[in-house]
Every structure is written in structure tokens, then in C-alpha cells.
Amino acid sequence: MKNLTIIGQGPAGISAALYAVRGGADVTVIAKDSGALAKADLIQNYYGFENGISAKDLIQAGIRQAKNLGVHFLNAEVCGIEYRESGFEIKTTAQTVSSGAIVIACGTSRNVPPIENIEKFEGRGVSYCAVCDGFFFRGKKVAVIGNAAYALSEYNVLKPIVGEVSILTNGLAPQFDMACNEKKIVRLEGTDAVEQVVFADGTKENFDGIFIACGSAGAFELSKKLGLEIQNNKIVTDEKRATNIPGIYAAGDCVAGLQQIAKAVYDGMVAGTEALRYLKSISS
């Protein structure tokens with residue numbers, strides 16, 4: 001049986017891992033942190049803890065439980081996912097992981113910087129996926145907005161395709177050793193499509209396209225790259241937590257419904273069970 005990769009180590013991701021590994025799958029969880037739940041303090045509305053439990057303790061207990069059952073963990077940031085004949089190839093800051101199926105359980109954040117007109121030009125020069133849209137900018141001048149590994153990954157995708165590509169860090173210090181424009185961005189300008197970036201110091205620079213790659217690639221960004229159906233910034237799934245692409249499932253805060261631990265655990269159970277069933281079907 002091919003392996004299952006789960007992106008995210010919150011309650012949804014760990015729940016999916018537990019059900020899949022107990023069913024016989026080789027499971028790898030990829031995450032660089034524990035997501036939004038890690039910012040919570042005391043959790044008092046989750047079953048079984050009469051005096052409540054700290055978010056940190058709940059998260060670590062789940063991770064230890066998964067490790068005890070043989071789940072592998074990779075502490076890394078996912079930068080992109082590509083299709084392969086044998087399944088999927090997940091590119092991370094540490095290594096590339098091949099997988100027969102994927103469960104996306106990395107929360108719901110959408111990393112859109114507070115730049116004027118950025119949403120106005122979405123689909124008209126502003127893109128969230130270099131793999132998807134780089135082709136449309138062949139021979140043109142584009143910029144990637146971001147300052148970390150995800151931005152550098154998008155830059156490397158675009159470099160052999162477009163005419164010229166720059167990284168704009170939007171006032172943040174770059175987390176890589178490469179020349180880039182560190183000026184704070186105020187707004188984007190253009191008529192029918194994006195044409196210029198206006199900086200806080202009053203200077204402007206012309207670009208044919210802008211690729212957003214701020215922070216880490218979350219569920220929204222990964223979904224755009226894969227062509228998953230998105231509605232209201234949530235991944236669309238059926239009752240089995242299957243997306244519109246065979247072999248890819250989603251669970252937790254990145255799908256519609258209450259953003260609660262109990263719901264995330266249920267989502268993970270369903271997604272992990274169905275992903276296991278899918279892996280068995282393609283291996284038989």
C-alpha cells in the first residue's frame with residue numbers, strides 16, 4: 001500500500017493519522033508548528049477533561065499517541081504539491097515526499113497582505129499560484145510578495161518561465177540570502193489589470209504580474225495550486241471529506257463548519273478512514 005501524507009498536526013491531522021495508521025497505512029505528518037490551537041490557553045469544552053486542559057498539553061498528547069502507533073513526523077514547511085504518475089510529490093523545506101494520498105489539515109488562514117487593491121486585481125495580474133499561472137506571464141516582468149521559504153519557492157518556479165522576476169518583502173527582513181526589494185508596499189495600481197506597485201516612499205515600479213507568497217503556504221494556497229474547489233476560503237468536500245481531486249482529502253478548520261476541536265477530530269477520523277480506503281483501492 002502507498003503511503004499517506006497529512007499536512008498539519010492539529011486535532012484534525014492527528015486524528016486522521018491515528019485512524020489511517022491503525023488501518024495499516026504508512027503515515028507521515030508534515031508540519032512546522034501546531035497552528036492556531038497552539039495559541040489557545042485553557043480548553044474547557046472538550047470531552048473528558050473535567051478541569052480543562054491546556055492547548056499545548058492536548059496537542060503534545062496527540063502527537064505522542066500518534067508516534068507510539070508508528071506515525072512518522074517531518075518538521076518542515078510545505079512549499080508546494082505536484083502531481084506524479086504514482087500519486088503526489090510534496091515539496092518541503094526539508095525534503096521531497098512522495099505520497100499516494102493526502103489529507104490537508106493545516107487550518108484556514110489566507111495569507112493576503114494588507115495592500116490596497118490587492119483583491120481588486122485577483123485574476124487580473126494578481127495570483128496565488130506560480131505553478132498554475134506562471135505560464136501566462138512568459139517573457140513578462142513579475143514580482144513575488146513574501147520574505148520566507150514559500151516566496152523563494154515561488155520565485156524558483158517562475159524564474160525559468162517569465163522574463164524577469166523580483167521578490168518584494170513588503171517591509172520585512174528576508175529569510176534567505178538573495179537580493180530583493182525590502183520597501184513597504186502601499187498599493188497596486190492599474191486600469192484593467194495590475195500595472196504598478198506603489199511603495200511607501202512614493203516610488204513606483206511596473207510589473208505585469210504579482211504573485212502572493214506571504215508566510216507559509218496554508219490550506220488556501222495549497223488548494224489553489226492543486227485546483228481544489230474553494231468556497232468562501234474553505235475547501236469544498238463531500239460527506240467523506242473527499243475533495244474534487246481523487247486522493248486528496250481535507251479536514252478541520254480548512255473545511256466548512258464550526259471551528260471546534262470536537263468537529264476537527266471527527267473530520268480527521270472521516271478523512272483518515274476514507275484516505276485509507278482509497279489507498280487500498282489503488283493498491284489492489
Side-chain angles (χ1 to χ4, degrees), residues 1 3-78 97 99 101-110 216 218-220 222-223 232-243 248-280:
M1 190 192 310
N3 65 310
L4 169 65
T5 299
I6 298 168
I7 303 173
Q9 60 181 15
I14 296 301
S15 177
L18 294 175
Y19 276 85
V21 75
R22 282 174 55 84
D26 183 6
V27 181
T28 298
V29 172
I30 304 175
K32 73 167 190 172
D33 56 42
S34 298
L37 180 62
K39 299 176 183 177
D41 185 17
L42 185 66
I43 298 166
Q44 295 180 308
N45 62 348
Y46 188 59
Y47 176 82
F49 298 95
E50 59 183 333
N51 297 313
I53 184 173
S54 75
K56 181 180 178 181
D57 288 346
L58 184 63
I59 291 167
Q60 290 305 315
I63 291 173
R64 288 195 300 271
Q65 183 182 6
K67 286 182 176 179
N68 288 342
L69 289 174
V71 175
H72 312 291
F73 281 78
L74 176 60
N75 189 326
E77 177 182 336
V78 175
V97 178
S99 187
I102 296 172
V103 174
I104 298 175
C106 52
T108 188
S109 62
R110 183 183 179 193
S216 304
F220 176 83
L222 294 174
S223 299
N232 298 323
N233 290 341
K234 301 284 189 177
I235 301 173
V236 176
T237 68
D238 62 15
E239 70 280 359
K240 296 179 179 180
R241 292 298 174 256
T243 69
I248 301 182
Y249 300 80
D253 288 356
C254 63
V255 302
L258 294 173
Q259 294 189 7
Q260 294 291 313
I261 297 171
K263 185 261 189 184
V265 170
Y266 168 78
D267 278 358
M269 175 198 69
V270 175
T273 302
E274 292 302 324
L276 175 66
R277 183 175 286 116
Y278 172 81
L279 288 173
K280 289 181 176 178

Requested in this report: For residues Cys106 and Leu222, report the shortest heavy-atom separation together with the two atoms involved.
Outcome: SG-CD1, 4.3 Å
Query - Whether over 12 other heavy atoms sit under 6.0 Å from Tyr266 OH - result: no
Query raised in the report: If you look at every heavy atom in Val21 and Leu69, which pair is closest and at what distance?
Result: CG2-O, 3.5 Å
Requested in this report: State whether the side chain of Ser99 and the backbone N or O of Ile102 hold a donor-acceptor pair below 3.5 Å, judged by distance alone.
Outcome: no
Query - Considering all heavy atoms, the nearest Cys254-Gly107 contact - result: CB-O, 3.0 Å
Query raised in the report: Distance under 6.0 Å and angle within 45° of the ring axis: does Lys240 meet both against Tyr249?
Result: no
Requested in this report: Could you tell me which residues satisfy side-chain contact (heavy atoms from CB on, under 4.5 Å) with Asn75, sequence neighbours excluded, listed by chain and number?
Outcome: Lys32
Report task. Would you please name every residue forming a side-chain hydrogen bond (donor to acceptor under 3.5 Å, both in side chains) with Thr243, sequence neighbours left out? Result -> none
Query raised in the report: Residues in salt bridge (charged side-chain N to carboxylate O under 4.0 Å, His left out) with Arg64, at least two apart?
Result: none
Query - Results of side-chain contact (heavy atoms from CB on, under 4.5 Å) for Asn45 - residues two or more places apart only - result: Ile43, Gln260
**Report entry** Pairing residues for Arg277 by the side-chain hydrogen bond (donor to acceptor under 3.5 Å, both in side chains) criterion, not counting sequence neighbours
**Finding:** Glu274
Query - Partner residues of Ser15 under the side-chain contact (heavy atoms from CB on, under 4.5 Å) criterion, sequence neighbours left out - result: Tyr19, Val265, Met269
Query raised in the report: Can you list the residues that meet the side-chain hydrogen bond (donor to acceptor under 3.5 Å, both in side chains) rule with Ser223, with sequence neighbours excluded?
Result: none
**Report entry** Between CG on residue Leu42 and CZ on residue Phe49, distance to nearest 0.5 Å
**Finding:** 11.0 Å
Query raised in the report: Is there a side-chain contact between Lys56 and Leu58 (heavy atoms, below 4.5 Å)?
Result: no
Query raised in the report: What heavy-atom pair brings Ala31 and Gln9 nearest, and what distance separates the two atoms?
Result: CB-CG, 3.5 Å
Query raised in the report: Got Gln65 and Leu18 here, is their nearest side-chain heavy-atom distance under 4.5 Å?
Result: yes
Requested in this report: Test side-chain hydrogen bond (donor to acceptor under 3.5 Å, both in side chains) on His72 and Asp26 and set out the steps.
Outcome: CA-CA 8 Å; His72 312 291; Asp26 183 6; 2.9 Å; yes
Requested in this report: Could I get the full list of salt bridge (charged side-chain N to carboxylate O under 4.0 Å, His left out) partners for Lys263, not counting sequence neighbours?
Outcome: Asp267
Report summary line: Sorted by chain and residue number, the side-chain contact (heavy atoms from CB on, under 4.5 Å) partners of Ala17 (sequence neighbours excluded) come out as Ile6, Val27, Val29, Val71
**Report entry** Separation between CD1 of Ile59 and CD1 of Ile261, rounded to the nearest 0.5 Å
**Finding:** 8.0 Å
Query - Nearest atoms (heavy-atom pairs only) where Val255 meets Ala250 - result: CG1-CB, 3.5 Å
Query - Test item: Leu4 and Leu279 side chains (from C-beta on) under 4.5 Å apart, heavy atoms - result: yes
Query - From OG1 (Thr273) to CZ (Arg241), nearest 0.5 Å - result: 12.5 Å
Query - Nearest heavy-atom neighbours spanning Val103 and Ala16 - result: CG1-CB, 4.3 Å
